[in-house]
Visitor: 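Supplied in structure tokens, the structure appears directly below.
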Amino acid sequence: MTMNTLKLAAIGCAMGASAICAHEAGACTRVIYHGADSTFVVGRSLDWKTPIPTNLYVYPAGMDKIGSDAPGAIKWTSKYGAVYAVGYDGGITEGMNEKGLVINGLFCKGTVYDNEDTRNLPPMSLAVFVAWLLDLNATTDEVVAVLEKHNFSLSGATFDEGTVSALHWGITDASGKTAILEFDHGDVKIYDAGDIRAMTNDPQWPDMIAILAYWEKIGGPHMLPGTVSSPDRCVRANYFAHHVDAVSDPALAVSICKSILVPSCVPYTYQIQGEPNVSSTQWRSFADTKNHRYYFDIVTNPGYYYIDLTKCDLRKGASVMKLDTSKEKNLIGEANHALKKSAPFTPMY
């Protein structure tokens with residue numbers, strides 16, 4: 001599989017894909033703010049139908065890790081330190097490493113990870129998949145090279161009363177280069193996002209590009225789609241990301257990124273009659289790839305805060321550090337002081 005940029009598809013394909021995905025179960029949004037002087041901020045919302053308790057962990061470099069508790073699992077020693085957002089204290093949703101590489105997982109219900117040719121490869125759990133990529137790679141191109149080898153079998157535990165972790169991923173490095181990773185019946189599909197600055201959930205990336213192309217022709221400042229469906233949220237986020245000022249001030253860049261992301265979030269507690277799986281936004285994150293600051297914004301908290309990786313001890317032998325978000329509800333600004341020494345989280349293999 002080689003990295004490729006898909007051509008924009010026809011209007012008819014776009015409308016068909018939009019109709020299919022009008023009511024998806026998961027609802028997450030990812031957006032890239034492109035500022036001045038190599039400033040990039042990757043923002044995302046985590047939306048789900050039930051609470052997903054999420055804590056922040058900072059892991060140093062030089063740690064020995066394993067991808068699964070199954071026989072023959074992939075083993076590695078981390079080259080880079082990183083901050084991870086860990087759901088249920090058992091699985092990494094996303095993270096950023098000390099080189100400014102950011103990887104975010106979003107729900108995508110059409111995902112099928114394995115087939116007859118891949119399921120006997122060395123096992124890798126979804127619980128630590130993001131860590132494996134962040135620990136060993138500094139750039140999007142390096143991650144793509146690893147994924148193209150496809151020398152692993154990916155799987156994970158169910159959660160939330162049996163929900164399968166069907167995901168696709170956005171990958172962005174400090175240069176702003178972005179790739180989209182999807183699994184289609186066991187085949188790795190990697191797409192160069194080019195200048196598309198948003199992604200959401202379903203449909204898979206080729207159909208989503210067609211939808212964006214449709215709205216590029218008919219939308220704009222006078223008309224944008226306004227529902228909470230995945231395609232509508234993607235269109236809004238991508239449009240606004242291209243029509244804001246490019247600044248270099250890091251705090252202002254994060255604020256602008258947040259202002260782009262919020263209109264594509266689902267209001268907290270919002271529900272649609274007869275659609276119990278519509279998901280409201282629980283938290284948002286913003287990764288400053290230049291200054292290596294990872295911001296966390298729980299929607300029920302009075303403010304948001306950040307971990308500054310440049311001030312963390314990421315050397316081999318340093319302690320794992322944890323910010324317990326259930327105990328720290330009033331943090332604002334830099335929150336390194338709230339990190340406490342911790343045992344590593346226990347993956348839900």
Side-chain angles (χ1 to χ4, degrees), residues 4-24 26-45 47 104 106-108 168 170 172 176-180 182 191-249 252-267 270 272 278-281 284 286-287 297:
N4 61 90
T5 304
L6 295 180
K7 293 182 179 179
L8 298 178
I11 291 176
C13 178
M15 295 306 291
S18 181
I20 290 170
C21 298
H23 302 294
E24 78 288 341
C28 301
T29 304
R30 184 183 197 261
V31 63
I32 301 169
Y33 170 73
H34 186 175
D37 300 331
S38 300
T39 297
F40 294 93
V41 179
V42 181
R44 74 83 50 91
S45 67
D47 307 353
N104 313 86
L106 283 70
F107 190 78
C108 185
H168 61 173
T172 302
K177 187 167 187 177
T178 297
I180 309 299
E182 297 183 336
Y191 306 99
D192 185 343
D195 198 35
I196 295 176
R197 300 182 186 178
M199 67 179 290
T200 50
N201 312 106
D202 311 300
Q204 292 179 318
W205 195 244
D207 288 337
M208 187 65 84
I209 290 177
I211 295 168
L212 292 170
Y214 170 79
W215 280 102
E216 181 72 21
K217 294 177 180 178
I218 71 165
H222 303 296
M223 182 173 66
L224 288 171
T227 78
V228 297
S229 74
S230 174
D232 284 10
R233 289 182 290 104
C234 193
V235 169
R236 290 199 301 276
N238 185 62
Y239 173 79
F240 288 125
H242 282 89
H243 293 86
V244 291
D245 288 345
V247 303
S248 58
D249 177 82
L252 180 57
V254 172
S255 295
I256 294 173
C257 187
K258 182 179 179 181
S259 73
I260 297 168
L261 182 61
V262 167
S264 290
C265 292
V266 181
Y270 175 75
I272 296 177
V278 168
S279 304
S280 61
T281 297
R284 293 176 281 260
F286 305 93
D297 177 21

Visitor: Which residues pass the ring pair (Phe, Tyr, Trp, His ring centres under 6.0 Å) test with His243, not counting sequence neighbours?
Guide: Tyr239
Visitor: Quick one: does Phe240's side chain get under 4.5 Å of Val31's, heavy atoms only?
Guide: no
Visitor: Roughly how far apart are Leu106 CG and Arg44 CZ, rounded to 0.5 Å?
Guide: 4.5 Å
Visitor: Please identify which of these residues, Cys108, Ser230, Cys234, meets the side chain to side chain contact (heavy atoms under 4.5 Å, CB included) condition with Asn201.
Guide: Ser230
Visitor: A side-chain contact here means heavy atoms from C-beta on lying under 4.5 Å apart; do Pro206 and Tyr191 qualify?
Guide: yes
Visitor: Check side chain to side chain contact (heavy atoms under 4.5 Å, CB included) between Ser248 and all other residues, then give those that pass, not counting sequence neighbours.
Guide: Ala36, Asp37, Thr39
Visitor: Is there a donor in the side chain of Thr227 and an acceptor in the side chain of Asp232, or the other way round, less than 3.5 Å apart?
Guide: yes
Visitor: Can you check whether Met208 reaches Met199 side chain to side chain, under 4.5 Å on heavy atoms?
Guide: no
Visitor: Which residues pass the side chain to side chain contact (heavy atoms under 4.5 Å, CB included) test with Phe40, not counting sequence neighbours?
Guide: Ile32, His34, Thr289
Visitor: Less than 4.5 Å apart, side chain to side chain, heavy atoms only: is that true for Ile272 and Val228?
Guide: yes
Visitor: Quick one: closest heavy-atom pair of Trp205 and Ala198, and the distance?
Guide: CH2-O, 3.3 Å
Visitor: Are the side chain of His242 and the backbone of Ile196 linked by a donor-acceptor contact shorter than 3.5 Å?
Guide: no
Visitor: If you look at every heavy atom in Pro231 and Asp202, which pair is closest and at what distance?
Guide: CD-O, 3.9 Å
Visitor: Could you work out, with side-chain hydrogen bond (donor to acceptor under 3.5 Å, both in side chains) as the rule, every residue matching Gln204, not counting sequence neighbours?
Guide: none
Visitor: What residues form a salt bridge (Lys or Arg N to Asp or Glu O under 4.0 Å) with Asp249, not counting sequence neighbours?
Guide: none
Visitor: How many angstroms lie between atom CD1 of Ile211 and atom CG of Asn238, to the nearest 0.5 angstrom?
Guide: 12.0 Å
Visitor: With sequence neighbours left out, what residues match Ser45 under side-chain hydrogen bond (donor to acceptor under 3.5 Å, both in side chains)?
Guide: Asp47
Visitor: Distance-only check: which donor-acceptor pairs under 3.5 Å involve side-chain atoms of residues 254-265, not counting sequence neighbours?
Guide:
unit_1, atom_1, unit_2, atom_2, d
Ser255, OG, Ala251, O, 3.1
Ser259, OG, Ile256, O, 2.7
Ser264, OG, Arg233, O, 2.9
Ser264, OG, Ala237, N, 3.3

Visitor: Considering all heavy atoms of both residues, which atom of Gly43 and which atom of Phe286 are nearest to each other, and what is their separation?
Guide: CA-CD2, 3.7 Å
Visitor: Apply salt bridge (Lys or Arg N to Asp or Glu O under 4.0 Å) to Arg236 and list each qualifying residue two or more places apart in sequence or on a separate chain.
Guide: none
Visitor: Report the residues that fulfil side-chain hydrogen bond (donor to acceptor under 3.5 Å, both in side chains) with Arg30, sequence neighbours left out, ordered by chain and then residue number.
Guide: Asn104, Thr172
